[in-house]
Amino acid sequence: MKRTEYDAIVVGSGISGGWAAKELCEKGLKTLVLERGRDVQHLKDYPTMTSSSWEMPHHNQIPREDKINNPVVNRCYAYKEDTAHFFVKDQEHPYVQEKPFDWVRGYQVGGKSLIWARQTQRWSPYDFEGPGRDGFAVDWPIRYDDIAPWYSYVERFVGISGSYEGLDTLPDGEFLKAWEMNCVESEIRDRVNSHYQDRKFIIGRCAHLTEPKKEHLDQGRGQCMARNQCYRGCPFGGYFSSNSSTLPWASKTGNLTVRPDSVVHSLIWDEEKGKVTGVRVIDRITKEEREFYSKIIFLNASALNTNLILLNSISRRFPNGLGNDSGILGKYVAFHNYRGTLSARYEGFEDKYYFGRRPTAIMMPNFRNVKKQEMDFLRGYMTFYSAGRAGFGHADPGGFGAEFKQSNTKPGPWSVFMMMQGETIPKETNRVSLFTDQKDEWGIPLLKIDVAYDDNDEKILQDFWEQGEEMLKVAGCVNIRKSDSKQAPGLDIHEMGGVRMGRDSKTSFLNGFNQMHHAPNVFVTDGACMTSTGTQNPSITYMALTVRAADFAVQQLKKGEL
Ligand SMILES: Cc1cc2nc3c(=O)[nH]c(=O)nc-3n(C[C@H](O)[C@H](O)[C@H](O)COP(=O)(O)OP(=O)(O)OC[C@H]3O[C@@H](n4cnc5c(N)ncnc54)[C@H](O)[C@@H]3O)c2cc1C
C-alpha cells in the first residue's frame with residue numbers, strides 16, 4: 001500500500017469541504033481533498049448550462065423509467081433532465097429506510113453546492129440560546145458573537161444579496177444589492193408589516209452576485225443574470241458553488257490536491273500513537289484500497305455521510321465508531337419541516353409585470369418562542385412567500401385560431417404561494433446507524449436511517465396554516481388554500497446532527513471549535529455538527545463554522561497541540 005502524507009485532509013468537496021480546503025490552503029497547509037464522486041470543472045462540465053428545453057431529448061422532463069427506478073431523487077423539485085447528472089440515483093447508492101426518509105445527494109466535485117437553492121440567512125442570538133434555555137437539546141458551546149465575524153468573512157467572499165433591516169431575529173450581514181419585490185409582493189409586505197408588531201417580511205438573502213465586487217471578479221465570477229437556471233451550473237459564476245469559487249481559489253495557492261473518485265471508507269486510528277493518523281480510501285472505479293496520512297482531518301462529507309464514516313471507523317479503542325465513548329454518535333438527527341404551504345389569488349395590479357427570474361423569495365424570520373417559551377410547541381418556523389402572474393398560456397386550452405393566440409399574449413392573474421421552514425427537535429430516537437447485513441459496492445455497510453416527525457411538528461404545521469392564512473387575509477388575498485405535502489423527512493435536504501457540538505463529552509461529540517472530544521485532530525464542520533437546526537437555511541452557518549474551525553486548527557497545529 002502506498003503511503004502519502006499531507007498536512008491536512010478534507011473529506012468531501014461540497015459547500016463546507018470547499019471552504020475547509022480554501023482556508024487550510026491559504027494558511028499554508030498542503031491539503032488533500034478526497035471526493036467520492038467524479039471531477040466536475042467549472043464551465044467545462046456544465047453540459048446543459050445554455051441549453052433550451054427543446055434541445056433536450058425529453059424537453060427537460062424525466063422519463064417514466066427513471067421515475068420508477070429512482071423514486072426518491074425524483075421527488076426533489078430540482079431533479080430534471082437538465083440537472084439529473086448532478087444527483088445520485090437511488091439504485092446506485094442504496095440505504096435503509098427504517099422509516100420513510102428521502103435522502104437526496106450529489107456525489108461529485110462540488111457536491112450539492114452545484115444544486116442548492118442558495119438561500120442564506122444568519123442565525124440569531126436566540127437560535128444559539130434556545131436549546132439550553134428551553135431544554136430540548138444540549139446547550140450550544142458557542143453564541144452568536146463567536147460566529148458573527150466569521151459570517152461576515154464568508155459573506156464577503158461568497159457574495160450575498162440582501163437588505164439591511166436591523167432585525168435581532170435575523171441579523172444583517174455583509175450584503176450586495178438586494179433583489180426587488182414586485183408590486184404585489186410589496187403590497188403584501190406593507191400590509192402585513194404594518195399590522196403586526198412582532199413580524200416583518202423582508203426580501204430573501206441569497207448567494208447571488210447582484211453587484212460583483214473585486215473579490216468576486218478576482219474569482220472569475222460575474223453578475224447574476226436572473227436566468228434562474230442555476231441548478232445546471234452557472235456560465236457566469238453568478239451564484240456561489242465550490243466549483244466556481246472556493247476550490248479554484250484554493251488551487252491558486254499551489255497547496256491543493258483534489259482527488260476525485262476516492263470513496264472514504266473510514267478514518268485510521270493508530271492504537272500506539274492514540275490518535276487518528278489518516279484515512280482509508282477505496283477507489284470508486286478500480287476498488288483499490290489506499291491510505292492517506294495527515295496531521296489534521298476535516299470531515300465534510302455532508303451530514304449523514306459524515307456520520308457513516310465515523311460509525312464505520314472501528315478500532316480496538318473505539319469499537320462503536322470513532323470517538324463514540326458516549327454512545328451518542330448518529331443520534332439527535334434533525335431536519336426542517338417543509339410540509340405546509342398556502343396558495344392564494346391577488347386581485348388588482350393587472351397592468352403590472354416584473355423583470356427576470358429572481359432567485360429568491362420574501363421571508364419572515366421566526367416569531368414563535370423567540371425570547372421565551374410561549375406556545376404549546378417548541379421552537380417555530382420561517383415563512384416564505386412570492387407572488388407572480390400565471391403563465392401566458394393560461395387561456396382556454398381548448399381554443400384555437402387568432403383569438404386564442406391573441407389571448408395567450410396576456411399574462412394571467414396574480415397568484416401567491418406561501419411556505420414554512422419549521423425547526424424540528426433533535427431527539428435520541430431520530431438516529432442513523434450501520435446496517436451491517438449489507439455492504440455497498442465499496443465494502444461499506446449501508447446507512448440505516450430512522451427519522452420521523454413528531455407531535456411538535458404537527459403543532460407547528462397547524463400554527464403555520466393558521467397564522468399564514470391570517471397574514472394572507474390581512475394582505476388582501478382571496479381564495480386561500482392550504483396544503484400538506486406530507487413529504488417524508490429528508491426531502492427538505494437540510495438534515496443535520498448525529499455528531500453534535502456541546503460542552504460536555506458525555507452528551508456531545510464536538511467542542512466549541514468543532515473538534516472531536518476524543519480525537520482532537522479531527523474536525524467535523526458539515527451539518528453533522530449541528531446541535532439544533534434553527535429555522536434558517538443552514539449552509540451559510542456550516543461555512544462560518546468551517547472557517548472558524550480551520551482558523552483554530554491551524555493555530556493549534558502551529559502551537560504543536562495537535
Ligand atoms: C435542491 C436543493 C436545494 C437546497 N437549497 C438550499 C438553500 O437554499 N440553502 C441552504 O442553506 N442549503 C440548501 N440546500 C442544502 C445544501 O446543499 C447543503 O446544506 C450543503 O450542500 C451541505 O454542504 P456539505 O459540504 O455538508 O455537503 P455537500 O455539499 O453535499 O458535499 C459533500 C461532499 O462529500 C462527498 N462525499 C460523501 N461521502 C463521501 C465519502 N465517503 N468519501 C469521500 N467523499 C464523500 C460528496 O460526494 C459531496 O461532494 C439545498 C440542497 C438541494 C439538493
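As a basis for the values below, the full set of heavy atoms in this structure was taken, side chains included, without hydrogen atoms, waters or symmetry mates.
- For the pair C234 and L43, the tightest heavy-atom approach, listed with the atom from each and the gap, is O-CD2, 3.8 Å.
- Among residues at least two apart or in separate chains, ring pair (Phe, Tyr, Trp, His ring centres under 6.0 Å) pairs with a member in residues 426-455 are H93-W442, F335-Y453.
- Counting heavy atoms from C-beta outward, W103 and N305 have side chains that approach closer than 4.5 Å.
- Side-chain atoms of N312 do not come within 3.5 Å of backbone N or O of L434 as any donor-acceptor pair.
- Here the closest heavy-atom approach between residue P100 and residue P489 is recorded as O-CD, 3.6 Å.
- With a 6.0 Å cutoff to the six-membered ring centre and a 45° limit on the axis angle, R118 counts as a cation-pi contact of Y231.
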Derivation and outcome, side-chain contact (heavy atoms from CB on, under 4.5 Å), residues L322 and L310: CA-CA 5 Å; L322 183 71; L310 288 173; 3.8 Å; yes

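- Here E35 contributes atom CD and D261 contributes atom CG; the two are 8.5 Å apart, rounded to the nearest 0.5 Å.
- Considering every non-hydrogen atom in both Q119 and C206, the closest pair reads NE2-CB, 3.8 Å.
- In this structure the side chain of M496 never reaches within 4.5 angstrom of the side chain of Y332, judged on heavy atoms.
- With a 4.5 Å cut-off on side-chain heavy atoms, F201 and M471 count as touching.
- Heavy-atom contacts from other residues, nucleotides or ligands closer than 6.0 Å to CD of Q229 number more than 12.
- For CG of D437, the number of neighbouring non-hydrogen atoms (other residues, nucleotides, ligands) closer than 6.0 Å is greater than 12.
- In summary, the aromatic rings of W19 and F157 are positioned with their centroids under 6.0 Å apart.
- Checking side-chain atoms of N366 against main-chain N and O of Y381 turns up a donor-acceptor pair under 3.5 Å.
- In this structure, Y338 and H494 have tilted ring planes: the angle between them lies in the 30° to 60° band.
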Please list, one pair per line, the donor and acceptor atoms closer than 3.5 Å that link side chains of residues 46-53 to other protein atoms, with sequence neighbours excluded.
unit_1 : atom_1 : unit_2 : atom_2 : d
Y46    : OH     : H42    : ND1    : 2.8
T48    : OG1    : D82    : O      : 2.7

side-chain contact (heavy atoms from CB on, under 4.5 Å) assessment of N307 paired with L329: CA-CA 7 Å; N307 275 276; L329 177 59; 4.0 Å; yes

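- Atoms CE and SG, on M225 and C230 in that order, are 12.5 Å from each other to the nearest 0.5 Å.
- Side-chain atoms of I449 and Q97, non-hydrogen and from C-beta on, never get closer than 4.5 Å to each other.
- With respect to T383, the side-chain contact (heavy atoms from CB on, under 4.5 Å) criterion is satisfied by exactly one of Q467, M420, M364: M364.
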Derivation and outcome, ring pair (Phe, Tyr, Trp, His ring centres under 6.0 Å), residues F240 and W249: CA-CA 13 Å; F240 171 83; W249 194 264; over 10 Å; no

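- The backbone N or O of K22 sits nowhere less than 3.5 Å from a side-chain atom of T246 that would complete a donor-acceptor pair.
- Here the CH2-CD1 distance, from W465 to I460, works out to 13.5 Å after rounding to the nearest 0.5 Å.
- The residues E155 and R205 are annotated as not salt-bridged, no charged nitrogen and carboxylate oxygen being separated by less than 4.0 angstrom.
- Atoms CG and CD1, from L472 and I188 in turn, are 6.5 Å apart once rounded to the nearest 0.5 Å.
- With a 4.5 Å cut-off on side-chain heavy atoms, F101 and E495 count as touching.
- Heavy atoms only, all atoms of each residue included: L209 and G237 are closest at CD1-O, 3.8 Å.
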Criterion side-chain contact (heavy atoms from CB on, under 4.5 Å) on N456 and T424, from CA distance to verdict: CA-CA 8 Å; N456 201 65; T424 71; over 6 Å; no

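- Scanning all heavy atoms of the two residues, the minimum distance from A84 to K89 falls at O-NZ, 2.8 Å.
- At a threshold of 4.5 Å between non-hydrogen side-chain atoms, the residues Y95 and L304 do not count as touching.
- Side-chain atoms of D526 and S16 form no donor-acceptor pair, as typed in the model, at a separation below 3.5 Å.
- Remark: F384 CZ to M363 CE distance equals 4.5 Å, nearest 0.5 Å.
- When atom types are taken as modelled, the side chain of T31 and the backbone of I9 share no donor-acceptor pair closer than 3.5 angstrom.
- Distance alone, capped at 3.5 Å, places no donor-acceptor pair between the R36 side chain and the S262 backbone.
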From CA spacing to verdict: side-chain contact (heavy atoms from CB on, under 4.5 Å), Q421, T535: CA-CA 6 Å; Q421 186 163 278; T535 55; 5.6 Å; no

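- Counting only heavy atoms from C-beta outward, the side chains of D283 and R290 never approach each other to under 4.5 Å.
- Remark: K287 engages E441 in a salt bridge, criterion side-chain N to carboxylate O under 4.0 Å.
- Scanning both residues, Q61 and E81, for their nearest heavy atoms gives O-CB, 3.5 Å.
- A distance-only check finds no donor-acceptor pair linking the side chain of Y6 to the backbone of V33 [under 3.5 Å].
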From CA spacing to verdict: side-chain hydrogen bond (donor to acceptor under 3.5 Å, both in side chains), T429, D450: CA-CA 8 Å; T429 47; D450 188 356; over 6 Å; no

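- The closest donor-acceptor contact from the side chain of N324 to the backbone of N320 lies under 3.5 Å.
- Between the side chains of S266 and R280, at least one donor N or O sits under 3.5 Å from an acceptor N or O.
- Listed for the N70 side chain is no donor-acceptor partner under 3.5 Å among the backbone atoms of N74.
- Rounded to the nearest 0.5 Å, atoms NZ (K482) and CG (L461) are 8.5 Å apart.
- Using a distance-only test at 3.5 Å, with no hydrogens or angles considered, no donor-acceptor pair links the side chain of N69 to the main chain of Q91.
- T306 places a side-chain N or O within 3.5 Å of a backbone atom of A301 that can act as its donor or acceptor partner.
- Counting heavy atoms from C-beta outward, Q536 and T541 have side chains that stay 4.5 Å or more apart.
- By the neighbour-count criterion of 12 heavy atoms within 6.0 Å, atom NZ of K80 is sparsely surrounded, having that number or fewer from other residues, nucleotides or ligands.
- Taking a cutoff of 4.0 Å between a charged side-chain nitrogen and a carboxylate oxygen, R339 and E458 qualify as a salt bridge.
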